[in-house]
Structures are given as structure tokens and as C-alpha cells.
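Here the structure comes first, spelled out in C-alpha cells, and everything after it is commentary.
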Amino acid sequence: MNYWLMKSEPDVFGIDHLKAMPKKTEHWDGVRNYQARNMMRDEMKKGDQVFFYHSNCKEPGIVGIAEVVKEGYPDFTAWNPESKYYDPKSTEETPRWFMVDIKFKRKLKRTITLTELKHQPGLEEMALVRRGNRLSIMPVRKQEWTLILGLE
DNA sequence: GCCAACGTTGGC
DNA sequence: GCCAACGTTGGC
């Protein structure tokens, strides 16, 4: 089993939005970055665990846990001219963008803030705390996952 | 709201 | 294929 971290802006789609979805599940559409796409298309597997991270907000940090329930499939919002994620270069025959479905598992008892993660020994290698990192999806090592959960 | 970092685009 | 310009991300 693998571990991941996915960023989302709480004003747009936060952990509570996910929890409120039917079946507490939502497809992760709108990712238009190749590295992140490759992870969703090729590497994220059913049952993988996901840290749900709130970005671009007052208190950026990890707020909950979700699980991959559907593996990579084409992001259909790219085919919809009405969508803000529309990309004419992506077609049904040769889809360019992919997504997975994730399901809400639980909220953390508290937000584990970015500041805290930055100062936590053992997490230096995490992409999240490295300067200038803008990836919206990133792998988390098992030992990092365990360490972070221990901070809760 | 500012701005650094970084990815993408497009002219050449 | 280089690289400047531009757009976006996201912390602060």
C-alpha cells in the first residue's frame, strides 16, 4: 500500500466538502500538471491512503485522511467546453488528463500545520516542506506517514 | 495583496 | 531546441 498527500483549497473543496458528498466520495478533477497526472494515472492504487491537505488558507496543513477508491481514469472535465478545466487537446480517444476517486475516512483531531511539519525532524525529505514546491499531489513515505500520524 | 518559484508557451 | 515572457501556485 502507498501513501499520498493531496492539496486542496478549503474554500473551493475542503475536507468537509468531501465528507458531505454522496458516499463521501469525489473524483479529483482539474489537475493539469503532468507529474501529478502521472501519479494518478499510474501509481495510485485502490486502498492507498491519502493525507488531505488544505492549501492557500489561513492555516495550511493536514486536516484529514482519505482513501483511493477508484484508480486512474480520464478526467472528463477536460472534454467539456463549459468547464474551466476544458482542454481541447484532450479527447475521449486520447485523454490527456486523469483522475482518481477518493473517499473520506476521517478528520484529524487537529490540523497538523505546515509550520509544524517544516520543523519536524524526519520530514526534511518531504516535497511538501521543500522550498518552492507546487505539486498538488505527492507521495508520502511510510515512515513519514507514521511519524505525522503520531503528531496528532 | 505581494511576490518567489516554477511550469508552460511560443517565437526564433 | 533555447530561452524569455507569461501564468499559476501558494505561503506569508
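From a predicted model like this one, the values you see are computed outputs, not experimental measurements. Every chain is numbered from 1, with letters handed out A, B, ... down the list of sequences.
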For the pair made of [atom1] in [X] and [atom2] in [N], what is the distance, rounded to whole Å?
X	N	atom1	atom2	value
Leu135(A)	dG7(B)	CG	P	8 Å
Glu116(A)	dC12(C)	CD	P	14 Å
Arg96(A)	dT9(B)	CZ	P	8 Å
Glu9(A)	dT8(C)	CD	C1'	11 Å
Tyr34(A)	dT8(B)	OH	P	7 Å
Asp87(A)	dT9(B)	CG	C1'	13 Å

- Counting only heavy atoms not in Lys45(A), do more than 12 fall under 6.0 Å of its NZ? yes
Does [N] have its OP1 or OP2 closer than 4.0 Å to a side-chain nitrogen or oxygen of [X]?
X	N	value
Arg131(A)	dA5(B)	yes
Lys7(A)	dT9(C)	no
Tyr53(A)	dG11(C)	yes

- Query: So, are Asp75(A) and Arg32(A) salt-bridged, with charged N and O less than 4.0 Å apart?
  - Reply: yes
- Answer yes or no: is there an ion pair linking Arg130(A) with Glu125(A), defined by an N-O contact shorter than 4.0 Å? yes
- Task: On DNA chain B, check which nucleotide each of Asn56(A) and Asn133(A) is closest to and give me the residue with the more 5' one.
- Result: Asn56(A)
- Task: Identify whether Trp97(A) and Met39(A) are in the same connected component of the hydrophobic contact network (ILVMFWY, side-chain heavy atoms under 4.5 Å).
- Result: no
- Query: At under 4.0 Å between heavy atoms, what does Lys118(A) touch on the DNA or RNA strands: base, sugar-phosphate, or nothing?
  - Reply: sugar-phosphate
